[in-house]
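First up is the structure itself, then whatever we jot down about it.
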Amino acid sequence: MENKNAASVPMKIGIASLDAQHEALFECINKFIRLYLKGEPERGEVKKHFAVLLDYTVTHFDDEEFFMRSIDYPELANHAAQHQALRDVVDGFSTRLEAEKDLHAFCGEVIELLKTWLNKHICTLDAKIAVYYQSRGK
């Protein structure tokens with residue numbers, strides 16, 4: 001877990017509302033990176049930033065799924081299943097956080113998981129939403 005560079009949105013998909021939310025998600029990850037770089041972060045700080053990250057992720061997924069329904073996106077069920085899989089992993093982190101002794105390592109795991117997952121998700125699944133949306137003349 002040595003590569004804790006700032007997270008950045010790898011691409012814009014061309015749907016302004018979703019692009020803005022992706023940027024906000026990466027800023028939440030960047031806050032975790034700053035905590036990680038401090039060494040051993042305080043539990044209160046980690047809990048606060050994790051709660052914001054969790055809330056924003058849920059909001060974003062809900063908004064993205066609403067958008068997909070609004071355009072009759074044919075791959076909505078698969079896409080929503082991917083969102084649920086990440087929700088489940090994040091819920092596991094949330095449960096773990098209360099008893100976690102090594103908060104530095106915990107932050108590192110959160111960073112690596114989310115940077116990897118979001119980059120892949122945005123570049124593949126979210127990009128498909130944009131292609132579909134644009135193919136419909138939007």
Side-chain angles (χ1 to χ4, degrees):
M1 309 245 182
E2 286 125 35
N3 185 11
K4 298 294 180 272
N5 304 354
S8 61
V9 178
M11 64 176 280
K12 293 191 181 279
I13 63 170
I15 300 170
S17 61
L18 299 181
D19 285 339
Q21 287 186 352
H22 291 150
E23 287 180 28
L25 279 170
F26 277 92
E27 182 50 38
C28 288
I29 295 170
N30 285 335
K31 288 178 182 177
F32 258 89
I33 291 170
R34 288 189 285 277
L35 286 176
Y36 179 86
L37 293 174
K38 279 183 169 181
E40 188 58 37
E42 293 184 18
R43 185 171 302 278
E45 278 187 294
V46 175
K47 283 179 155 182
K48 177 180 116 185
H49 290 298
F50 191 79
V52 169
L53 177 64
L54 181 61
D55 289 346
Y56 198 82
T57 300
V58 168
T59 297
H60 169 64
F61 286 170
D62 288 347
D63 289 352
E64 195 170 273
E65 290 168 19
F66 178 82
F67 179 79
M68 288 186 282
R69 278 191 296 281
S70 77
I71 63 169
D72 296 320
Y73 185 61
E75 296 182 41
L76 171 62
N78 177 55
H79 199 117
Q82 295 297 317
H83 287 170
Q84 187 58 48
L86 182 63
R87 282 183 182 112
D88 293 344
V89 170
V90 171
D91 284 345
F93 274 119
S94 187
T95 301
R96 228 179 89 197
L97 177 56
E98 201 57 45
E100 185 62 51
K101 294 195 186 319
D102 187 348
L103 293 173
H104 184 256
F106 177 85
C107 287
E109 287 180 52
V110 170
I111 293 163
E112 287 304 313
L113 170 79
L114 293 178
K115 277 176 58 174
T116 302
W117 193 92
L118 285 171
N119 276 310
K120 180 179 177 191
H121 185 81
I122 293 167
C123 288
T124 58
L125 295 180
D126 288 354
K128 286 182 179 182
I129 298 169
V131 169
Y132 177 78
Y133 182 64
Q134 292 161 357
S135 75
R136 299 185 69 207
K138 304 294 179 176

To the nearest 0.5 Å, what is the distance between CG on Leu125 and CD on Gln82?
5.5 Å

Is there a side-chain contact (heavy atoms from CB on, under 4.5 Å) between Leu114 and Leu25 once you walk through the steps?
CA-CA 9 Å; Leu114 293 178; Leu25 279 170; over 6 Å; no

Which class fits the ring pair His60 and His83: parallel under 30°, tilted 30 to 60°, perpendicular over 60°?
tilted

Under the rule for salt bridge (charged side-chain N to carboxylate O under 4.0 Å, His left out), what residues qualify as partners of Arg43, not counting sequence neighbours?
none

Answer with yes or no whether the hydrophobic clustering places Val89 together with Val110; edges join I, L, V, M, F, W, Y residues whose side-chain heavy atoms lie under 4.5 Å apart.
yes

Run Phe26 and Ile33 through side-chain contact (heavy atoms from CB on, under 4.5 Å) and show every step you take.
CA-CA 10 Å; Phe26 277 92; Ile33 291 170; over 6 Å; no

Within the structure provided, determine whether Val131 and Ile13 are in side-chain contact (heavy-atom separation under 4.5 Å).
no

Report whether Ile29 and Phe61 are members of the same hydrophobic cluster (ILVMFWY, side-chain heavy atoms less than 4.5 Å apart, transitive linking).
yes

Consider only side-chain heavy atoms of I, L, V, M, F, W and Y, link residues closer than 4.5 Å, and tell whether Leu86 and Val58 are in one cluster.
no

Donor-acceptor pair, distance only, cut-off 3.5 Å: does the side chain of Tyr132 make one with the backbone of Asp72?
yes

Picking from Gln84, His121, Lys128, what satisfies side-chain hydrogen bond (donor to acceptor under 3.5 Å, both in side chains) with His79?
His121

Are Leu35 and Leu37 co-members of a hydrophobic cluster defined by side-chain heavy atoms under 4.5 Å apart?
yes

Could you tell me which residues satisfy side chain to side chain contact (heavy atoms under 4.5 Å, CB included) with Arg96, sequence neighbours excluded, listed by chain and number?
Phe93, Glu100, Phe106, Glu109

Using the test salt bridge (charged side-chain N to carboxylate O under 4.0 Å, His left out), find all partners of Asp91 that sit at least two apart in sequence or belong to another chain.
none

Gap between atom CD1 of Ile129 and atom OH of Tyr73 - 0.5 Å precision:
5.5 Å

So which heavy atom on Cys123 is nearest to which on Ala127, and how close?
O-CB, 3.4 Å

For Glu40, check salt bridge (charged side-chain N to carboxylate O under 4.0 Å, His left out) against everything at least two apart and list the hits.
none

Partners of Glu45 by side chain to side chain donor-acceptor pair (under 3.5 Å), sequence neighbours excluded?
Lys38

side-chain contact (heavy atoms from CB on, under 4.5 Å) between His22 and Glu64, worked out
CA-CA 10 Å; His22 291 150; Glu64 195 170 273; 3.4 Å; yes

Given Val46 and Phe32, is the side-chain contact (heavy atoms from CB on, under 4.5 Å) satisfied, shown in steps?
CA-CA 8 Å; Val46 175; Phe32 258 89; 4.2 Å; yes

Counting only pairs under 3.5 Å, give me each side-chain donor-acceptor contact of residues 47-57, with atom names and distances, residues two or more places apart or in other chains.
residue: Lys47; atom: NZ; partner: Glu98; partner atom: OE1; Å: 3.2
residue: Lys47; atom: NZ; partner: Glu98; partner atom: OE2; Å: 3.1
residue: Thr57; atom: OG1; partner: Leu53; partner atom: O; Å: 2.7

Give the cluster check for Leu76 versus Tyr133: same hydrophobic cluster or not, with ILVMFWY residues linked at side-chain heavy-atom distances below 4.5 Å.
yes

